[in-house]
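A short write-up of the structure that comes next.
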Amino acid sequence: MLTLKYITENTDDVIARLAKKHFDGAALIAQVVELDKERKTTQSQLDSSSAEMNNLSKEIGMLFKQGKQAEAVAAKEKTTVLKETIKNLGDKLSETEQTIINILVQIPNLPHASVPEGKHAEDNKVERTGGPMPNLPENALPHWDLAKKYDLIDFELGVKISGAGFPVYKGKGARLQRALINFFLDNAREAGYLEVQPPYVVNASSGYGTGQLPDKEGQMYHCEVDDLYLIPTAEVPVTNIYRDVILDEKDLPVKNTAYSACFRREAGSYGKDVRGLNRLHQFDKVEIVQIAHPDTSYDRLTEMVNYVQTLVDKLELPWRILRLCGGDMSFTSALTFDFEVFSAAQQRWLEVSSVSNFESYQANRLKCRFKGADKKTQLCHTLNGSAMALPRIVAALLENNQTPQGIRIPKALVPYTGFEIID
RNA sequence: GGAGAGGUGCUCGAGUGGUUGAAGAGGUACGCCUGGAAAGCGUAUAUACGGUGUGGAAUCGUAUCGAGAGUUCGAAUCUCUUCCUCUCCGCCA
């Protein structure tokens, strides 16, 4: 969430910038500014009452020690009203604070100045494109047919065991998964990311920390008996490593990478958008996360985008990078670049990675801060990106590399798969 | 799952109702000392919110001893709830 300080000091600017995200924040922000004034007043009143109480208590203690019973008892009586006042002010304060937070979480992050205007995905700006566009024959198959033809992925079997959206990978299909995970992790490590292996279930505090809770509760699987949530992305546990942490400025940027299975309930639409591997309840992903100094977080973002580009290049896939427009960006992001690869048989672009700078929006909730040489504590910037999500990469690999002899594996991946062709 | 112990500052660790935001030690930083270093000495070393205030600073108040609620004039210290950790037994990849 945005910091209250920033909102109260830049009210008009905040409202203006939110407009790019097609969010009318005027009413909420007016309300929160007003509540903040109320909060400060209440805080002052509470503080002075508490101070008075503390002094009285000390006095009473002294009186008892000196044996002045009568005076002590008299002083005691004065505390009764004061006590009541403190209780009421305390209640009022926490109520106001809670209301403020409830409003703050409804206000999205401010888009970066470079975010293009626009409402829908069509308004996203193509930054650059690359990779070889395949030339497929007329009878090219979509990946779900290829998966069946070569017995790589069994969707029906997954339905039997768990339900729709939980495919069973088999043989070279399973090995391809494992190869991609290792390929992505090795590349990330070589790019300076520390590999971590996080838990796949998280507690509610972690859910709040990265913003899945409270508003997106329905998107996560919830183990109610233990009140734990299956992670929708490794971003959640990895970023929460830095919850309530004050880092040393010289340790920035922190760069972590993690593989995890990802679980998403996403009871969405049906049809070609969710066919095959396009949308799943469980899938594999390697995530990269950076905790950065505010002054250089956009350099870090560029670095991350360039890094992801090396991956799609090595995989020899046709790709494009989109700078998301205000209307298509996520709630929490300040600037997002999406990577899409072209799926030749489906004749459509598939989103395979999303790289974002959240600035201090996420760090504010996480209370992830750093302390510099000047001893001042301030919020870090957090960034993350998929590097990458497997299913759509697999879809594109299968479709784009199909030949009459079988499916060709890109050279960079062969050391990981141990085979050059799926036939 | 059964039985027990415990959660205090960067770390260790004292503290069972009254200047204890917290002794002591260690660590770290700065200064002194030294030819240089070690040792020694001195000083500093949490966070948040609020007030006054500045060029930068500073300073005062309040809260925080796992979390929440309660008892009390007053709670790290007493009571309850809850979370977590550890030890032994059981079970188990």
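Residue numbers start from 1 in every chain, and the chains themselves are labelled A, B, ... in the order their sequence lines are given, proteins ahead of strands. Quick caveat: nothing in here was measured; it's all calculated off a predicted structure.
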Determine the interatomic distance between [atom1] on [N] and the same-named atom on [M]; round to the nearest Å.
{"N": "B:A46", "M": "B:A38", "atom1": "P", "answer": "25 Å"}
{"N": "B:A75", "M": "B:A67", "atom1": "P", "answer": "15 Å"}
{"N": "B:A14", "M": "B:G24", "atom1": "C1'", "answer": "7 Å"}
{"N": "B:U71", "M": "B:C86", "atom1": "P", "answer": "35 Å"}
{"N": "B:A44", "M": "B:A25", "atom1": "P", "answer": "14 Å"}
{"N": "B:G9", "M": "B:U45", "atom1": "C1'", "answer": "10 Å"}
{"N": "B:G18", "M": "B:U79", "atom1": "P", "answer": "16 Å"}
{"N": "B:A23", "M": "B:C92", "atom1": "C1'", "answer": "47 Å"}

Which is true for [X] with a 4.0 Å heavy-atom rule: it touches a base, it touches only sugar-phosphate, or it touches nothing?
{"X": "A:L82", "answer": "nothing"}
{"X": "A:T377", "answer": "sugar-phosphate"}
{"X": "A:K371", "answer": "sugar-phosphate"}
{"X": "A:K37", "answer": "nothing"}

Can a side chain N or O of [X] be found less than 4.0 Å away from OP1 or OP2 on [N]?
{"X": "A:K376", "N": "B:G56", "value": "no"}
{"X": "A:R39", "N": "B:C49", "value": "no"}
{"X": "A:R369", "N": "B:U47", "value": "no"}

Subject >> A:N203 and A:S206: side chain donor to acceptor below 3.5 Å >> reply: yes
Now, which nucleotide makes the Watson-Crick or G-U wobble pair with [N], with each of the two distances under 3.5 Å?
{"N": "B:G40", "value": "B:C32"}
{"N": "B:A46", "value": "B:U64"}
{"N": "B:U87", "value": "B:A3"}
{"N": "B:G53", "value": "none"}
{"N": "B:A93", "value": "none"}
{"N": "B:C12", "value": "B:G24"}

Could you tell me the separation between the [atom1] atom of [X] and the [atom2] atom of [N], rounded to a whole number of Å?
{"X": "A:I246", "N": "B:U45", "atom1": "CD1", "atom2": "P", "value": "15 Å"}
{"X": "A:L379", "N": "B:U47", "atom1": "CG", "atom2": "C1'", "value": "13 Å"}
{"X": "A:K250", "N": "B:U28", "atom1": "NZ", "atom2": "P", "value": "12 Å"}

Original post:
Is the number of heavy atoms from other residues, nucleotides or ligands under 6.0 Å of A:E127 CD greater than 12?
Top reply: yes
**OP:** Please indicate whether A:E9 has more than 12 foreign heavy atoms, meaning atoms of other residues, nucleotides or ligands, lying under 6.0 Å from its CD.
**Re:** yes
Subject >> A:Y298 vs A:H112, ring pair (Phe, Tyr, Trp, His ring centres under 6.0 Å): CA-CA, chis, key distance, verdict >> reply: CA-CA 10 Å; A:Y298 282 94; A:H112 186 259; 4.2 Å; yes
Subject >> Summary of protein contacts for nucleotides 60-86 of chain B, nucleotide by nucleotide, where a base hit scores B, a sugar-phosphate-only hit scores S (4.0 Å, heavy atoms) >> reply: -BSS---------BS------------
Would you call [X] and [Y] a salt bridge, using N to O less than 4.0 angstrom?
{"X": "A:D91", "Y": "A:K87", "value": "yes"}
{"X": "A:D145", "Y": "A:K148", "value": "no"}
{"X": "A:D248", "Y": "A:K371", "value": "no"}

**OP:** Search all heavy atoms of A:D284 against all heavy atoms of A:P391 and return the closest pair with its distance.
**Re:** O-CD, 3.9 Å
Original post:
Is A:K172 close enough and on-axis enough to A:F419, meaning under 6.0 Å and within 45°, for cation-pi?
Top reply: yes
